[in-house]
There are 2 protein chains.
Amino acid sequence: MDKVAKPARVEAGIARPDAPPLTERQEARRRRILHASAQLASRGGFDAVQMREVAESSQVALGTLYRYFPSKIHLLVATMQDQLEHMHGTLRKKPPQGEAAAERVAETLMRAFRALQREPHLADAMVRALTFADRSVSPEVDQVSHQTTLIILDAMGLEDPTPEQLSAVRVIEHTWHSALITWLSGRASIAQVKIDIETVCRLIDLTEPRS
Amino acid sequence: MDKVAKPARVEAGIARPDAPPLTERQEARRRRILHASAQLASRGGFDAVQMREVAESSQVALGTLYRYFPSKIHLLVATMQDQLEHMHGTLRKKPPQGEAAAERVAETLMRAFRALQREPHLADAMVRALTFADRSVSPEVDQVSHQTTLIILDAMGLEDPTPEQLSAVRVIEHTWHSALITWLSGRASIAQVKIDIETVCRLIDLTEPRS
DNA sequence: ATCAAGTCTGAAACTTGTTCTAGATTACCT
DNA sequence: AGGTAATCTAGAACAAGTTTCAGACTTGAT
């Protein structure tokens with residue numbers, strides 16, 4: 001009789017390997033919360049993600065919401081982790097075509113950028129949370145950063161990068177985040193972001209002396 | 001009798017060339033507010049800059065504070081403008097020594113970085129405000145960005161940069177801001193920031209084919 | 001089946017950014 | 001000097017993030 005014998009603990013996603021395991025219902029709650037968060041964010045961006053509303057939309061008491069995500073920032077960063085995993089999966093399916101590594105990275109980031117453009121409010125909420133996060137959110141932000149690194153390394157097609165290459169990747173990430181912010185706050189055009197990404201990707205060439 | 005004949009209008013600093021001119025007392029209020037803001041920020045960072053406290057410290061009613069700076073973010077961005085002007089002046093006095101432009105820019109930014117390290121809480125408040133700013137603060141944020149550009153161009157020693165060089169400068173600024181954030185939130189060491197800055201500055205070499 | 005520990009709920013309270021209001025004060029014009 | 005519009009003040013009120021708490025429900029173990 002395998003009905004509900006033991007309340008079937010479910011492993012959380014790759015992103016939270018350490019946390020105490022959650023029951024099915026808890027996992028379901030967590031999903032509902034993240035879904036509500038993304039939904040509200042898609043509508044009106046950072047400001048539209050109001051904790052009371054998230055709680056209501058996901059059928060959870062406010063106190064419970066705070067037990068799962070200790071602050072609005074934590075919630076939005078977790079939402080970003082969620083979306084990033086999804087995007088990494090999508091990107092993997094159609095690897096970029098360029099010849100040079102720099103081209104492929106730029107192409108990948110522009111593809112990600114276009115995906116964000118489709119939900120600019122959601123992008124706003126996630127990126128603002130990410131850069132506003134203080135030390136208490138560092139582990140989660142690091143996860144996001146790590147995931148981004150993986151995406152870029154994937155695009156470069158590298159097995160084990162040199163320290164120099166990792167530095168270049170770090171700088172690319174810096175540029176990526178900051179360029180997103182300038183776009184989201186209306187201080188840079190899409191074309192400008194494209195130029196910035198292409199410019200920074202030239203750093204990759206410097207790490208491959210081509211000889 | 002030149003006591004208070006006409007309430008002597010004073011031109012606002014370089015940073016606000018358009019705004020309606022302020023009287024002496026208004027200029028003094030503005031100064032007191034910015035001073036209080038910087039002071040509180042130096043103590044406890046972003047969170048310690050509480051609007052009621054700023055108002056009290058600067059002997060101004062809350063409503064007046066909001067008339068001068070329409071939000072906490074506006075206030076902190078203005079504080080940053082203020083500090084940046086100061087820093088630009090300081091940096092100008094001792095121009096960097098490096099041979100190559102890339103070296104000089106890296107040296108300048110590291111000098112600025114060391115200045116920020118002396119008041120990490122203040123840096124935290126200003127940088128967090130800068131990246132959290134939404135569209136309503138765009139003009140002010142652009143001012144800050146422009147001022148930063150000037151500092152970098154100064155270090156490069158350029159009169160009229162090429163579009164390529166401007167792109168490199170943009171990317172350097174992106175990296176600068178983002179690297180600051182990772183440092184402020186404890187996710188990167190000072191050494192790491194140094195590496196990132198030096199890495200991105202190599203982009204400058206790409207714009208000077210040295211021939 | 002039952003108990004102890006942990007979790008969830010609903011509601012109120014607290015904090016800090018922001019807005020609003022009525023009455024004083026100040027600045028500018030003639 | 002006098003009048004009027006703009007500005008400033010004190011304080012209340014509002015909004016949204018966060019905390020707290022008593023009581024109901026689940027979970028895991030016996």
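Chain letters run A, B, ... following the sequence lines, proteins first, then strands; residues in each count from 1. Note that these values count all heavy atoms, side chains included, but never hydrogens, waters or copies made by symmetry. In this text, all values refer to a predicted model and were calculated from it rather than measured experimentally.
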- Using whole Å, report how far CD of B:Gln26 lies from C1' of D:dT9. 15 Å
- Query: For the pair made of CZ in B:Phe69 and C1' in C:dT19, what is the distance, rounded to whole Å?
  - Reply: 19 Å
- If you draw the axis of the six-membered ring of B:Phe46, does the NZ or CZ of B:Arg128 fall within 45° of it and under 6.0 Å from the ring centre? yes
- Check whether any side-chain N or O of A:His177 sits under 3.5 Å from a backbone N or O of B:His174 as a donor-acceptor pair, and report yes or no. no
- Check whether any side-chain nitrogen or oxygen of B:Tyr68 sits under 4.0 Å from OP1 or OP2 of D:dC8, and answer yes or no. yes
- Task: Figure out the CZ/C1' separation between A:Arg67 and C:dG6, and round it to whole Å.
- Result: 7 Å
- Message: What verdict does the side-chain hydrogen bond (donor to acceptor under 3.5 Å, both in side chains) test give for A:Glu173 and A:Ser145, after you've listed the backbone C-alpha separation in whole Å, the side-chain angles of each residue and the deciding distance to 0.1 Å?
- Response: CA-CA 8 Å; A:Glu173 279 186 53; A:Ser145 174; 3.2 Å; yes
- Message: If the threshold is 4.0 Å, N to carboxylate O, is there a salt bridge linking B:Arg202 and B:Glu198?
- Response: no
- Message: Expressed as a whole number of angstroms, how long is the span from A:Ile73:CD1 to D:dT18:C1'?
- Response: 13 Å
- In whole Å, what is the span from the NZ atom of B:Lys72 to the P atom of C:dT16? 9 Å
- Can you check the A:Leu62 CG to D:dG17 P distance for me, whole Å? 9 Å
- Message: Using the rule given for side-chain hydrogen bond (donor to acceptor under 3.5 Å, both in side chains), can you reason through A:Ser138 versus B:Ser185, listing the C-alpha separation, both sets of side-chain angles and the distance that settles it, and then say yes or no?
- Response: CA-CA 7 Å; A:Ser138 288; B:Ser185 58; 4.8 Å; no
- Contact list for DNA chain D against residues 46-61 of chain A - heavy-atom distance below 4.0 Å: A:Val49, A:Gln50, A:Met51, A:Arg52
- Task: Give a yes or no on whether a salt bridge exists between A:Glu56 and A:Arg52, defined as a side-chain N under 4.0 angstrom from a carboxylate O.
- Result: no
- Task: For A:Arg29 and C:dT7, give me the distance from atom CZ to atom P, rounded to whole Å.
- Result: 11 Å
- A:Leu40 has an atom CG; how far is it from atom C1' of D:dA16, in whole Å? 14 Å
- Message: Looking only at the side chain of B:Arg25 (C-beta and beyond, no hydrogens), which of the listed nucleotides C:dT26, D:dT9, C:dT18 gets closest?
- Response: C:dT26
